[in-house]
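Below is one structure, written out as structure tokens, with a few remarks after it.
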Amino acid sequence: MPNKAKADAEERNIAAAAKCRAEHSFPPKLTGWDFYRSINSPKFIVAPMVDQSELAWRILSRRYNSELCYTPMFNAKLFAKEEKYREEHWAGLNQGLGGGGPNDRPLVAQFCANDPEYLLQAALMVAPYCDAVDINLGCPQHIARRGHYGSFLMEDWPLIASLISTLHKHLPIPVTAKIRVFPEVDKTVAYAKMVVEAGAQILVVHGRLREMKGHLTGVADWEKIRQVREAVGHLVPVIANGNILYHEDVAACIEKTGCAGVMSAEGNLYNPAIFTPDHPESWKLAEEYLTICDELDTKIAYTRGHLFKIFRPSLNVHTDLRTELAATTSRQEMWEVTRKLKARLIQDEEESAKRGESFEGRKDDNGFPILPHWVAQPYFRQPMPPQDEKKASARGTENGDSPATTSGKRTAGEAVDQDDASSVREKQKNDKNANKKPKKSPVIICADPACQNSYSPKCIYQRCKQCCRNYQREQNRFDCPGHVIKSAQQQQEEKEAKENKAKEALRAQESGETPSLPRIDSEEALAGVALEGMIVSPSEANDATMSEGKVNNCSVI
């Protein structure tokens, strides 16, 4: 039976691929280095980021020397099955509008998946509008654990090989993959070889373990990336991901790893000009981004999240505007906050110049540049401490001691991750203690750790609209009254009604009761009644008998 199911799936895959090729024209499918050279051998690459590498952000990044961009990560099953999900994440796809058109190329579309057939269906939909399709094998978030995708497939090598090989065999454009490393170098190299042998034509290696995320992000291991590149780099281009804070880190990473290019995620979010030597004023980047968003009608949630990151150093100084930005619900309001902050930052810069301050060549104790808060710059996270230090820190906290020592500087070695959400809540608490009445309702930030939006009190999951709907889809439960997904809720209600009906029938059968049937008053109506999947004619109904009895002249069959 499994062989037959596999054969049937293969037939469907062949038919779907043939249909896509018949409806669209594709250049010859290239592999490995030939494919890489066909897209101009990009060195500066913007990573796929959920809800953050959207079209408007890609346009901004390309203006600052980004040579290849990835789409946000899409859920392959939802993308293949739900038209509304596709429209939300790739507007105009049904009308043949792909991404940002010719100005948004080269472009790689990324999917998370654990089913090869759904993955191929989704990939075929976007294949005419991008240069390759990437499989996310690196996402470390809890939602990936629940959905069984991303880095939580790292132990299931047969499934990973099936996902990649299915696209490699049937997709008219190349397939690529993005992975994380194992603690062991040998296992990491073997894993990379398996991914390449399955058909990946570009391999992106994030040099962090699956456990290294959020406050425990730590430092990426360039040495492991180098060893992967030595093992498979002669077959396919290997791209390094991790530790890219400044433009100078790009050259250092390429020199250390020997990789063909470098991918930036968080570094790009805090400074979209990271692939240039410059640190533009944050307000200039914000105005440029907002102008693009106005033209493309970008989602408010995406826009607000980007502004928080661009302005992060300045919002730690002008905290009142951080609260105001968190409460914005329109781009017009975001423009107003941006203009207010712009005026203050220009004033800060002028006053700094009057005082004769210079940041040229200034570095902190770890050798990182000290930059003024009004320019775009990286955000440092606290490194992942050893387990014994974490336990000691926990014991110290229980005794009333501070869990960490701080010097007031934000360095890679000792930076405390003060999230925007925590800062906003702390300010509200302080305002309350000072008996100050806020002018606006308290701003409560979305429970999704990657989101900076406020959530509605009606949301039972304490998320903003988009995050709540994504969460409901992942959990397959559609019960939030504040963010109803009507189509999914209706399907769920119909499914529950069907299940309840089946349970009632089963209980009736076990108790020996005769299930009730609707009253039939005419032979014409009787002729169209379906009983247990059979259409019963009047004559058959009159002749049929059974031990359980008859109902309304119609035997139960």
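Because the structure is predicted, anything quoted here is derived from the model rather than measured.
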Quiz item: Are side-chain heavy atoms of F308 and L315 found at a separation under 4.5 Å?
Solution: yes
Quick note, salt bridge (Lys or Arg N to Asp or Glu O under 4.0 Å) partners involving residues 137-155, not counting sequence neighbours, are E155-R210
Query raised in the report: Below 4.5 Å, heavy atoms only, C-beta onward: do P42 and Y36 meet side chain to side chain?
Result: yes
With a 4.5 Å heavy-atom cut-off, do K340 and H318 have their side chains touching? no
Applying side chain to side chain donor-acceptor pair (under 3.5 Å) to K299 and not counting sequence neighbours gives Q466
Does any N or O in the side chain of E67 come within less than 3.5 Å of the main-chain N or O of K43, such that one atom is a donor and the other an acceptor? yes
Nearest heavy-atom approach of C480 to C459 is SG-CA, 3.7 Å
Please examine the side chains of L68 and D131, heavy atoms only from C-beta on, and report whether any two atoms are closer than 4.5 Å.
no
In short, P140 meets S151 closest at the heavy-atom pair CA-OG, 3.4 Å
Determine, step by step, whether E117 and N13 satisfy the side chain to side chain contact (heavy atoms under 4.5 Å, CB included) criterion, reporting the C-alpha distance in whole Å, the side-chain angles of both residues, the deciding distance to 0.1 Å, and the verdict.
CA-CA 7 Å; E117 190 169 359; N13 290 341; 3.6 Å; yes
d(K178 NZ, R180 CZ) to nearest 0.5 Å is 6.5 Å
Task: Min side-chain heavy-atom separation V236-I202 under 4.5 Å - done: no
Closest heavy-atom pair, P116 versus L159, reported as atoms and distance to 0.1 Å, is CD-CD1, 4.4 Å
Between the CD1 atom in I59 and the CD atom in E288, the distance rounded to the nearest 0.5 Å is 10.5 Å
*Is the closest side-chain heavy-atom distance between D34 and Q201 below 4.5 Å?*
no
* Can you check whether I300 reaches M334 side chain to side chain, under 4.5 Å on heavy atoms? -> yes
From the list Y85, Y118, F79, ring pair (Phe, Tyr, Trp, His ring centres under 6.0 Å) partner of F74 resolves to F79
- [ ] Please answer whether the main-chain N or O of A376 pairs with a side-chain N or O of S282 as donor and acceptor at a distance below 3.5 Å.
- [x] no
query: Has the side chain of R469 got a donor or acceptor atom that lies under 3.5 Å from a matching backbone atom of I485?
result: no
Note: I244 and D249 closest approach over all heavy atoms is CD1-O, 3.8 Å
Taking the side chain from W90 and the backbone from E87, do they hold a donor-acceptor pair closer than 3.5 Å? no
- Task: Indicate whether any N or O donor in one side chain lies under 3.5 Å from an N or O acceptor in the other, for N316 and R322.
- Result: yes
Those residues at least two apart in sequence (or on a different chain) that pass side chain to side chain contact (heavy atoms under 4.5 Å, CB included) with H247 are P277
Given the rule in the side chain to side chain contact (heavy atoms under 4.5 Å, CB included) test, do C20 and F26 qualify, once you have shown the distances and angles that lead to the verdict? CA-CA 10 Å; C20 180; F26 295 92; 3.7 Å; yes
Test salt bridge (Lys or Arg N to Asp or Glu O under 4.0 Å), reference E287, set R339, R331, K342, output is K342
On a heavy-atom basis, the closest approach of M263 and N241 is O-ND2, 3.0 Å
So CG of N271 and OG1 of T276: to nearest 0.5 Å the spacing works out to 6.5 Å
(request) Starting from the C-alpha separation in whole Å, work towards a yes-or-no answer on side chain to side chain contact (heavy atoms under 4.5 Å, CB included) for L107 and R58. (result) CA-CA 10 Å; L107 177 68; R58 298 197 300 267; 3.6 Å; yes
Value for SG (C112) from CG (N75), rounded to nearest 0.5 Å, stands at 4.5 Å
Counting neighbours of NZ on K81 that are heavy atoms of other residues, nucleotides or ligands and sit closer than 6.0 Å, is the number greater than 12? no
Shortest non-hydrogen pair, A122 vs A80, comes out as N-CB, 4.1 Å
- Task: Before accepting this row, confirm whether a basic side-chain N of the pair D8/K4 lies closer than 4.0 Å to the acidic partner's carboxylate O.
- Result: yes
OG1 of T176 to CG of L203, rounded to nearest 0.5 Å, is 9.0 Å
query: Looking at E10 and K169, does any basic side-chain N land under 4.0 Å from a carboxylate oxygen?
result: yes
Looking at Q52, is its backbone amide N or carbonyl O close enough to the side chain of H306 to form a donor-acceptor pair, meaning the two atoms are under 3.5 Å apart? yes
- Query: Just wondering, do P378 and Y270 contact through their side chains at under 4.5 Å, heavy atoms?
  - Reply: no
Apply side chain to side chain contact (heavy atoms under 4.5 Å, CB included) to the pair L345 and E281, showing each step before the final yes or no.
CA-CA 9 Å; L345 298 185; E281 285 92 342; over 6 Å; no
Heavy-atom neighbours of E23 CD exceed 12 at 6.0 Å: yes
Using only atom types and a distance under 3.5 Å, with no angle test, would you say the side chain of K309 pairs donor to acceptor with the backbone of N268? no
Q. Can you tell me if T166 uses its side chain to pair, donor with acceptor, with the backbone of L163 under 3.5 Å?
A. no
Q. Would you say the side-chain atoms of N136 pair up with the backbone N or O of F111, donor to acceptor, closer than 3.5 Å?
A. no
Distance col, row N114:CG vs I135:CD1, nearest 0.5 angstrom, shows 11.5 Å
